Every structure is written in C-alpha cells, then in structure tokens.
Protein chains: 2
Amino acid sequence: MSENPLKSRPAPRKAPKQARSLATVEAIVEAAARILEERGHEAFSTNAVAERAGVSVGSLYQYFPRKDALIGALILRETSRLVEEAESAADQPTGKEALSALILPCVEQQLRRPALARLLDFEEARLPLDAATEQVKMRFFELTRATLLRPDLPAQTDMDVASRDVVAIIKGMVDAAGEHGDEDKRQLARRVERAVLGYLNSG
Amino acid sequence: MSENPLKSRPAPRKAPKQARSLATVEAIVEAAARILEERGHEAFSTNAVAERAGVSVGSLYQYFPRKDALIGALILRETSRLVEEAESAADQPTGKEALSALILPCVEQQLRRPALARLLDFEEARLPLDAATEQVKMRFFELTRATLLRPDLPAQTDMDVASRDVVAIIKGMVDAAGEHGDEDKRQLARRVERAVLGYLNSG
DNA sequence: CTGTAATATGAGCGATAATTCGCTTTTTAC
DNA sequence: GTAAAAAGCGAATTATCGCTCATATTACAG
C-alpha cells in the first residue's frame with residue numbers, strides 16, 4: 001500500500017557515519033559542481049562525477065539515490081551559503097544598509113562561480129526540491145520581506161509582489177553580469193542597489 | 001582538407017523547396033516547442049519530436065543536421081517575433097512611450113509560453129548561435145540603446161552598461177513572473193516600467 | 001585478535017536515443 | 001506519359017549512460 005507505483009520516492013540512501021565517507025560525499029558533491037560548471041549538463045554523467053571525485057559509481061549510489069539528487073545537494077549547499085551570508089541583513093541599523101547586506105551576498109555568490117550559479121538557478125525550477133531546501137529558500141524571501149518593511153524605506157502596497165520583484169531584479173542583473181563576464185563586484189552591487197531603490201521609490 | 005576532423009560543421013541540410021516540405025519543417029519546429037515546454041529537456045528526443053510532428057525521424061534529419069539545430073531554429077523564431085514587435089519602439093513620440101513599446105512585447109512573449117521562453121533563454125547561453133540569430137539579438141540591443149538616448153529620459157553615463165542593465169531587469173522580472181504563474185499582462189508591464197524608470201532616474 | 005558493520009569497487013545489464021541509409025512515394029518539368 | 005528531382009520513410013546501427021549487485025576492503029567494538 002505504501003509502495004511506489006512508477007515514480008519512486010526520494011529513497012533516502014545510507015547516511016555517512018565515519019569520517020572517511022563524509023569526505024567521499026563532499027568530494028562527490030564538489031566533483032558534480034566542477035563538471036557542471038566546466039562542461040555543462042551534457043557531460044554531467046554519474047560515471048564522470050564519480051571519476052572526477054576519485055571514487056567508484058557504486059560509492060556514489062550509496063549516498064545519492066539518483067543522478068538528480070546530486071544537483072539537489074548542490075542547490076542546498078549553495079543556497080544555504082547564500083542565506084547564511086544574507087542573515088547579516090537583519091542586524092543592519094537602517095533599511096538601506098540591510099538592502100545592501102542582502103544584495104552583496106547575491107553578487108558575490110554569482111561572481112564566484114557564474115556558470116554554476118546560473119545553471120543551478122535553472123535547475124531549481126525544474127527539480128522537485130526537498131523540504132530542507134524549500135525552507136532555506138523561504139528564509140531568504142522572509143529576509144527580503146522584512147527588509148522592505150524597514151521604516152526608512154518607502155512603503156509598498158503589496159509586500160509579496162514587491163519582495164518577488166526585488167528578488168527578480170537582483171537575480172536578473174546578477175545573472176546577466178555573470179554571463180557577460182568580467183565585472184567588478186562593488187560596481188555591480190552598487191548598480192543593483194540603484195535599480196532596487198529606484199523601483200521601491202517609484203512605488 | 002576542407003573536412004571536419006571531429007566536430008562537424010554546421011552541415012546545412014536540404015532546404016525545403018516545395019510547399020509540402022515547408023509545412024513539414026514548420027510542424028517539426030512547433031513540435032519541438034511543444035515537447036520542450038510540456039515535458040522539458042529530458043523528454044526532448046528527435047524521435048519524440050518527429051512523432052509529435054507526424055513525420056519520420058528521417059524527414060527531420062533532412063532539414064536539421066542535428067538535434068540542437070531544432071533548438072536553434074526555435075530561438076531564431078521566437079527572437080525574431082519579439083524583435084519585430086519591439087520595432088514599434090522606434091516610432092513612439094516620447095522616450096517613455098518607446099520604453100513601454102519595448103517592454104510590452106517582452107511581457108507578452110513570456111506570458112504567452114512561459115516555460116518555453118524560460119527554457120530558450122537558458123539555451124541561448126549554452127548553444128553557439130548562427131549569424132542570423134546573433135544579428136536579431138543585436139537589433140534588440142540597439143533598439144534599447146536608442147531608446148535610452150531619447151532626450152526625455154535621464155542621461156546615462158555609460159550607455160552600454162545601462163542598456164545591459166535595463167535588458168537584465170526586464171528579463172529578470174518577466175522570467176520570475178512566468179515562473180510564478182498567473183500574472184496580469186498590464187500590471188506586470190507597469191511594474192517593469194516602474195523598475196526600469198526607477199533605475200534610470202537614480203543614475 | 002576477531003567478528004561485524006561500514007565503506008568501497010567496477011564490470012555489466014538494460015534501456016534509451018542520436019543518426020544513417022537504402023528504399024518508396026510524390027511532385028514537377030517537359 | 002515519363003524521367004528526374006524532391007520529399008518521406010523507419011529499421012538498423014552504434015553509442016552512451018543510469019544504475020545494480022556480487023564481492024572486496026577497511027574501520028571499529030569488545
């Protein structure tokens with residue numbers, strides 16, 4: 001009755017218990033990242049990832065139930081890092097500073113590994129995400145929303161729409177910059193702030 | 001000497017001469033679009049496209065030298081349509097109206113077939129585009145640039161950067177809207193205009 | 001030291017899918 | 001009508017790749 005008719009459940013594999021296997025899992029995830037960013041989705045095969053990680057395919061399948069789980073793990077890793085850095089927004093004295101503290105991590109994340117960031121952004125829309133990832137994403141949205149509520153920023157009529165728009169503006173500009181190539185971190189961050197503040201002010 | 005060692009040339013296949021084959025080519029391209037937007041990259045196989053188009057794989061390969069050429073044709077088709085509609089920007093009396101005339105087609109294109117638009121946008125970065133497509137894309141960029149030069153819009157210090165940013169803001173917001181689902185065309189267009197004007201004004 | 005649990009291995013199964021090619025059918029030109 | 005060109009066909013070829021499993025190695029508890 002609780003079986004899987006066609007599409008199988010998330011199928012949680014073995015969790016690493018010893019230090020050795022923890023290192024294996026990390027190596028696999030990082031290998032997946034490198035293959036994706038260097039050679040794209042096309043070359044992204046489980047065999048390629050295993051080889052690059054210096055382990056066997058069998059080991060890979062002990063910790064990741066299917067190929068897509070690798071991408072899932074990557075999304076979780078990268079999103080968690082972004083949100084951790086963005087948490088500092090909550091501590092800023094003014095809304096304007098909080099906004100900067102929100103934007104800078106996005107810019108840094110994107111410029112650090114542009115190809116990877118862009119690709120994962122796309123996969124995020126395609127893959128069903130697990131609860132943990134969904135929660136981290138939600139947290140970022142909440143941080144944005146709370147920032148827009150700061151008293152020194154112009155009030156918005158619909159906070160949900162405004163939050164989505166702001167996130168979309170950031171994502172769009174930062175993505176384009178990653179595609180275009182060489183960009184100065186500070187300059188880009190300043191331009192994104194300009195765009196977002198411009199949007200908020202003209203509400 | 002003029003041979004292809006490993007990666008073959010664009011390999012131009014037969015061009016359709018009769019009405020029958022023209023219809024075949026169109027059916028194939030549209031089938032490719034439908035498979036991509038309905039079932040994603042995963043299900044996008046030449047056999048699936050041929051079947052959906054009601055032709056044989058052999059026929060498909062008479063007009064498209066390889067699988068990717070299907071996506072290339074789709075990108076050209078969609079981009080051309082967008083640019084055609086955006087041409088009206090040049091005829092607008094004011095810069096503000098020209099900006100609207102630039103933004104509206106983007107919004108319409110995206111909301112018409114959101115999944116397809118998003119996917120092609122991603123493929124555009126992955127695939128090497130032919131000269132024709134490159135030229136159409138350039139034309140859109142030029143239209144944007146010319147619009148930003150209108151005297152009633154605030155002057156920008158770096159027109160290239162400003163143009164890229166504006167395109168990025170449009171793309172980002174419109175993409176997010178397509179992902180989010182139900183959106184009102186007019187409302188979305190108005191919000192994008194707000195964002196772009198806000199950006200331009202705070203320069 | 002020894003038994004057991006954890007971890008690692010990689011050849012190979014089964015499935016899918018890109019592309020070709022010899023052939024048939026349809027259209028056009030005369 | 002007929003020959004040649006254009007269009008269409010789809011089984012067969014070839015290759016790749018996701019994933020499993022029977023087996024080997026390593027770590028750890030007592």
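Residue numbering restarts at 1 for every chain, and letters A, B, ... go by the order of the sequence lines. Just so it is clear, the structure is predicted and the values come from calculations on it, not from any experiment. Below, all heavy atoms of this structure are taken into account, side chains as well, without hydrogens, waters or symmetry copies.
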If only atom types and distance count, is the side chain of B:T147 paired as donor or acceptor with the main-chain N or O of B:L143 below 3.5 Å?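 Yes.
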Distance, rounded to the nearest Å, where [X] contributes [atom1] and [N] contributes [atom2]:
X: B:D68; N: C:dT19; atom1: CG; atom2: P; answer: 8 Å
X: A:L60; N: D:dC21; atom1: CG; atom2: C1'; answer: 16 Å
X: B:L70; N: C:dT19; atom1: CG; atom2: C1'; answer: 13 Å
X: B:I35; N: C:dA18; atom1: CD1; atom2: P; answer: 11 Å
X: B:E42; N: C:dA15; atom1: CD; atom2: P; answer: 17 Å
X: A:Y63; N: C:dT9; atom1: OH; atom2: C1'; answer: 12 Å
X: B:K67; N: C:dT20; atom1: NZ; atom2: P; answer: 15 Å
X: A:N47; N: C:dA15; atom1: CG; atom2: P; answer: 18 Å

State which of C:dA8, D:dC9, D:dC19 makes the closest approach to the side chain of A:S59.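 Selected nucleotide: C:dA8.
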Closest to side chain of B:R20, choosing from D:dC19, C:dT9, C:dT27: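 Selected nucleotide (nearest to the side chain): C:dT27.
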5'-most contact on DNA chain C: A:L22 or B:Y61, nearest heavy atom basis?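 Closest to the 5' end, via its nearest nucleotide, is A:L22.
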Could you tell me whether B:T46 contacts a base, only the sugar-phosphate backbone, or nothing, with contacts defined as non-hydrogen atoms closer than 4.0 Å? base
Using a heavy-atom cut-off of 4.0 Å across all strands, would you classify B:A15 as base, sugar-phosphate, or nothing? sugar-phosphate
Any side-chain N or O of [X] under 4.0 Å from OP1/OP2 of [N]?
X: A:S56; N: C:dG10; answer: no
X: B:S21; N: D:dG8; answer: no
X: A:K17; N: C:dA6; answer: no
X: A:T24; N: C:dA8; answer: yes

For the base of D:dA6, is there a side-chain donor-acceptor partner from B:Q62 under 3.5 Å away?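 It does not, because no donor-acceptor pair links the side chain of B:Q62 to the base of D:dA6 below 3.5 Å.
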Hey, does the Lys NZ or Arg CZ of A:R39 hover above the aromatic six-ring of A:F44, less than 6.0 Å from the centre and inside 45° of the axis?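 That pair does not qualify as a cation-pi contact.
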Could you tell me which non-hydrogen atom of [X] sits nearest to which non-hydrogen atom of [Y], and how far apart they are?
X: B:A195; Y: B:I169; result: CB-CG2, 4.0 Å
X: B:A101; Y: B:A89; result: CB-CA, 3.7 Å
X: A:Y199; Y: A:A162; result: OH-CA, 3.9 Å

Specify the residue among A:Q18 and A:F44 whose closest nucleotide of DNA chain D lies further upstream toward the 5′ end. A:F44
Identify, between B:P16 and B:V57, the residue whose nearest nucleotide on DNA chain D lies closer to the 5' end.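 On the 5' side of the pair lies B:P16.
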